[in-house]
Amino acid sequence: MNNNKLAELLFSHITKTPADYEAMYPGRDLPEGAKVTRLGPSPTGFIHLGNLYGAFVDERLAHQSNGTFYLRIEDTDDKRYVEGAVETIIDSLKFFNINFDEGATKEGEQGAYGPYFQSDRGELYQCFVKELVKKGEAYPCFMTEEEIAKVRETQEQAKENPGIYGKYALSRDLSLEEIEANIQAGKPYVVRLKSGGNVADPAEISVEDGIRGTLTMPENCQDVVILKATGIPTYHFAHVCDDHFMRTTHVVRGEEWLSSLPIHVELFTRLGFALPIYCHTAVLMKLDENGNKRKLSKRKDPELSLDFYREMGYHPMAVREYLLTILNSNYEEWRIENPDIPCESFAFTMEKMSNSGALFDLNKLNDVSKDTLINVPAALLMDFFKSWAKEFRPEIYPLLDGHEDYVEPILDLGRSGNKPRKDFICASQMFDFIRYFFDDYFEIEDAVPEETGTEEVKAILTAYLDSYDHSDDQSAWFDKVREIATTLGYAAKPKDYKKNPDEYKGHVGHVSTVIRIAIVGRSQSPDLWEIQQILGETRTKARISAFIQA
RNA sequence: GUCCCCAUGGUCAAGUGGUCAAGACGUAGCCCUCUCACGGCUGAGUCAGGGGUUCGACUCCCCUUGGGGAUACCA
């Protein structure tokens, strides 16, 4: 059969040659060792933690080596396109400080290796499909859905591998005349790779993975679809063409791609392209209802969408820190030794990446978050808190905006010194933690301790109010509390009370708890004296009076 | 079913033939202390099972088991 004739029959409109594209996209002019990575999301919906996890690897690899990190939109599946998804992807990643050097942007495309939307690259793909057809390594396939289903059924019964290959590839050896007739008849067709794999006895191939080391697997034997009936390539084919011509050096992707690696290897080989370095990352997992690990899915796990973290008010730096701790096992120790320097200074390596899927651990994130926020200066924390409130809690925003002088010290309360408080995890929790500072949100939440009883409360608070002097320093203030305690028959020190519980009604801690409840509404809080200083004399006294009257 | 990947405490993990099997989160107790946090100390808790190889296996090989993924004109 005349392959050139077939190629012209199928792709008469393609006039460019492979050499044209090689010239159009020359190798990148980058320093030695620079890595070129890419993120290739499909614009199907919302990006989740797993995507961010992978994006970090790409970003670090590229930027650590003075390379290039670009965004390519893989929109070859027209059925799944969601409006506005590209903007969402860019914004979400930007929020977490993942920035691209080239590719799709909100303002259009940037860079010399575009177009960066696969849907705009049809001509390039078809040129290379045509090339394969010319070499007799690809062919049009007219099999109908019914025929394919029937083949699968036969294969299942015979316990053979499913798929279109060898004798099951019904269109593999059609003559030019038959093909012409089919096309004349308007029959739809896809283009399949004519796999060179040995069906009966597949050879073993091995690939060096950047993360996993040597991978060995059987060669591909499947006549996979490379061009759909619509003329759009499948992911497999687009990946190979794009990563070659965009001069990607490292392909970072989830381990779910491992099993299609042989297909990609065959395609690279047949096209005469050099293989990039594949880096197959472990996938983030979560525990399902049955206690099994499960891959994070954006449909089933909305709480793990990036928006969840934004809504909860996790600081982007905290999420970064957490991801880095699970991405590189030596990061945590590095961080303990270097608490104050940016995470970009850490030497990220593929070797330190785990091969097994990590379970997402909210506990750990919270802990990392506390340590991260302690290093965020109050003014910046204020900004972060405000912008979170503006977007997610507009009703509290007016309490913050314009009241920075009041709120900032609240956020900074107890954070100085060598044993700083680590109260804050995320913005929503922050607000809950400090809301008693705002009269509209102040309420009595806890009961007074048994030791004082309700009758004693009045006596304590009246004495407290009488002796209250807003200008007292912290120790003078607490001396007075002790005095009230002893006068009323409470031990000045908890230890005294523990030694002789019968001699006292309780201890100074019980007395100060009463005061604390009156002022903050809760039995637990940071240092009361500092809280009073922030609240101011008027508000402090008013709350005590109100509690006495209640 | 077939193919591929993975396997150290509840979680994340160090470990590459000889270790009392690091560390972090969580958890229990204690200390500090007016509460809570912070910090400090102490404890409980792990090499999935079975065969080999070896003087010696968490470490190397095989099998089993378990988990994950792929098996699309989705990516």
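Numbers restart at 1 for each chain; the letters A, B, ... are given by sequence-line order, proteins then strands. Excluded from the calculations below are hydrogen atoms, water molecules and symmetry mates; all remaining heavy atoms, backbone and side chain alike, are included.
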Worksheet item: Out of B:rC73, B:rC25, B:rC4, which nucleotide sits closest to the side chain of A:Lys228?
Response: B:rC73
Worksheet item: Is A:Arg415 touching bases, backbone alone, or none of the nucleic acid, heavy atoms closer than 4.0 Å?
Response: nothing
Response to the item:
Residue set satisfying side-chain contact (heavy atoms from CB on, under 4.5 Å) with A:Glu156, at least two apart, ordered chain then number -> A:Arg152
Discussion item. Measuring only the P atom in each nucleotide, how far is B:rA21 from B:rU59? A whole number of Å is fine.
Written reply: 15 Å
Worksheet item: Taking atom C1' of B:rU35 as reference, at what distance in whole Å does atom CZ of A:Phe433 sit?
Response: 11 Å
Worksheet item: A:Pro218 has a side chain; which of B:rC73, B:rG1, B:rC4 sits nearest to it?
Response: B:rC4
Worksheet item: Looking for any heavy atom pair under 4.0 Å, which part of the strands does A:Arg522 touch: base, sugar-phosphate only, or nothing?
Response: nothing
Item to complete: Measure from the side-chain heavy atoms of A:Arg212 and tell me the nearest of B:rC6, B:rC25, B:rA24.
Response: B:rC6
Worksheet item: What does A:Ser525 touch in the nucleic acid at a heavy-atom separation under 4.0 angstrom: a base, only the sugar-phosphate, or nothing?
Response: base
Response to the item:
A:Asn366 CG to B:rA37 C1', in whole Å, measures 15 Å
Item to complete: Could you check how far NE2 of A:His264 sits from P of B:rA70, rounded to whole Å?
Response: 13 Å
Worksheet item: Quick one: is B:rC6 close enough that its OP1 or OP2 comes under 4.0 Å of any side-chain N or O from A:Asn355?
Response: yes
Fill in: Qualifying residue for side chain to side chain contact (heavy atoms under 4.5 Å, CB included) with A:Tyr322, from A:Tyr331, A:Phe360, A:Tyr314
A:Phe360
Discussion item. Expressed as a whole number of angstroms, how long is the span from A:Asn418:CG to B:rG40:P?
Written reply: 11 Å
Worksheet item: Expressed as a whole number of Å, how far does the P atom of B:rG10 sit from that of B:rG69?
Response: 22 Å
Discussion item. Between A:Lys364 and A:Asp361, which residue's closest nucleotide on RNA chain B lies nearer the 5′ terminus?
Written reply: A:Asp361
Item to complete: Taking atom P in both B:rG18 and B:rA13, compute the distance separating them and give it to the nearest angstrom.
Response: 23 Å
Worksheet item: Would a 4.5 Å heavy-atom cut-off, applied to side chains only, mark A:Met246 and A:Tyr116 as touching?
Response: yes
Discussion item. Between B:rG52 and B:rA44, how far apart are the two P atoms, rounded to whole Å?
Written reply: 34 Å
Worksheet item: Okay, side chain of A:Trp257, backbone of A:Val252: is any donor-acceptor separation there less than 3.5 Å?
Response: no
Worksheet item: Quick one: is B:rA13 close enough that its OP1 or OP2 comes under 4.0 Å of any side-chain N or O from A:Ser354?
Response: yes
Discussion item. Measuring from atom CG of A:Leu381 to atom CD1 of A:Ile410, what distance do you get when rounded to the nearest 0.5 angstrom?
Written reply: 12.0 Å
Worksheet item: Are any of the side-chain nitrogens in A:Lys194 or A:Glu137 under 4.0 Å away from the carboxylate oxygens of its partner?
Response: no
Discussion item. Taking 4.0 Å as the cut-off, does a side-chain nitrogen or oxygen of A:Ser329 come that near to OP1 or OP2 on B:rA14?
Written reply: yes
Practice prompt. Report the nucleotide, chosen from B:rG68, B:rU2, B:rG15, that has the shortest atom-to-atom distance to any side-chain atom of A:Asn161.
Written response: B:rU2
Worksheet item: Taking the same atom, P, in B:rG26 and in B:rG40, what whole-Å distance lies between them?
Response: 13 Å
Item to complete: Starting at atom CD of A:Glu156, determine the distance to atom C1' of B:rG1, rounded to an integer number of angstrom.
Response: 9 Å
Item to complete: Between B:rA75, B:rC25, B:rA24, spot the one nearest the side chain of A:Asp367, thanks.
Response: B:rC25
Discussion item. Measuring only the P atom in each nucleotide, how far is B:rG67 from B:rA24? A whole number of Å is fine.
Written reply: 32 Å
Worksheet entry | Of residues 187-203 of chain A, the positions that come close to RNA chain B - non-hydrogen atoms, cut-off under 4.0 Å | A:Val190, A:Arg192
Worksheet item: Hey, are A:Glu74 and A:Arg72 close enough for a salt bridge, meaning a charged N less than 4.0 Å from a carboxylate O?
Response: yes
Discussion item. Does A:Leu52 form a side-chain contact (heavy atoms from CB on, under 4.5 Å) with A:Leu93? I'd like the steps, not just the answer.
Written reply: CA-CA 7 Å; A:Leu52 184 61; A:Leu93 291 172; 3.7 Å; yes
Practice prompt. Pick base, sugar-phosphate or nothing for A:Pro420, based on heavy-atom distances below 4.0 Å to the nucleic acid.
Written response: sugar-phosphate
Fill in: Carboxylate-amine/guanidinium proximity below 4.0 Å for A:Glu321 and A:Lys364
no
Practice prompt. List in chain and number order the residues that pass side-chain hydrogen bond (donor to acceptor under 3.5 Å, both in side chains) with A:Asp209, two or more places apart in sequence or in another chain; answer none if no residue qualifies.
Written response: A:His280
Response to the item:
Contacts of A:Arg421 and A:Thr214 projected onto RNA chain B by closest heavy atom; the upstream (5') one is A:Thr214
Worksheet, complete the sentence: side-chain hydrogen bond (donor to acceptor under 3.5 Å, both in side chains) pairs touching residues 486-501 of chain A, sequence neighbours excluded, are A:Glu456-A:Tyr490
Worksheet entry | Rounded interatomic separation in angstrom, taking CH2 from A:Trp334 and P from B:rA14 | 18 Å
Practice prompt. Using a strict cut-off of less than 4.0 Å between a Lys/Arg side-chain nitrogen and an Asp/Glu carboxylate oxygen, indicate whether A:Asp367 and A:Lys370 qualify as a salt bridge.
Written response: no
Worksheet item: Looking for any heavy atom pair under 4.0 Å, which part of the strands does A:Glu333 touch: base, sugar-phosphate only, or nothing?
Response: base
Worksheet item: When you check every protein heavy atom under 4.0 Å of nucleotides 28-34 of chain B, what one-letter string (B, S, -) results, 5' to 3'?
Response: ----S-B
Discussion item. Taking only the C1' atom of each, what is the distance from B:rU53 to B:rC61 in whole angstrom?
Written reply: 7 Å
Worksheet item: Atom CE of A:Met353 and atom C1' of B:rC6: how far apart are they, to the nearest Å?
Response: 14 Å
Discussion item. Does B:rG26 have its OP1 or OP2 closer than 4.0 Å to a side-chain nitrogen or oxygen of A:Lys370?
Written reply: no
Fill in: Dot-bracket encoding of pairs in RNA chain B, which uses [ ] for pseudoknotted crossings and | for another strand, Watson-Crick or G-U under 3.5 angstrom
((((((((.[[[..)..(....]]].(((((.......)))))....[[[[[..)....]]]]])))))))....
Discussion item. Within 45 degrees of the ring normal and closer than 6.0 Å to the centroid, is that where the cationic atom of A:Arg543 sits relative to A:Phe442?
Written reply: yes
Worksheet item: A:Lys352 has an atom NZ; how far is it from atom P of B:rG23, in whole Å?
Response: 16 Å
Fill in: Salt bridge flag under 4.0 Å for residues A:Asp371 and A:Lys422
yes
Worksheet entry | Within 6.0 Å of CD in A:Glu443, more than 12 heavy atoms from elsewhere | yes
Discussion item. Using atom P in both nucleotides, what's the gap between B:rG49 and B:rC58 to the nearest angstrom?
Written reply: 10 Å
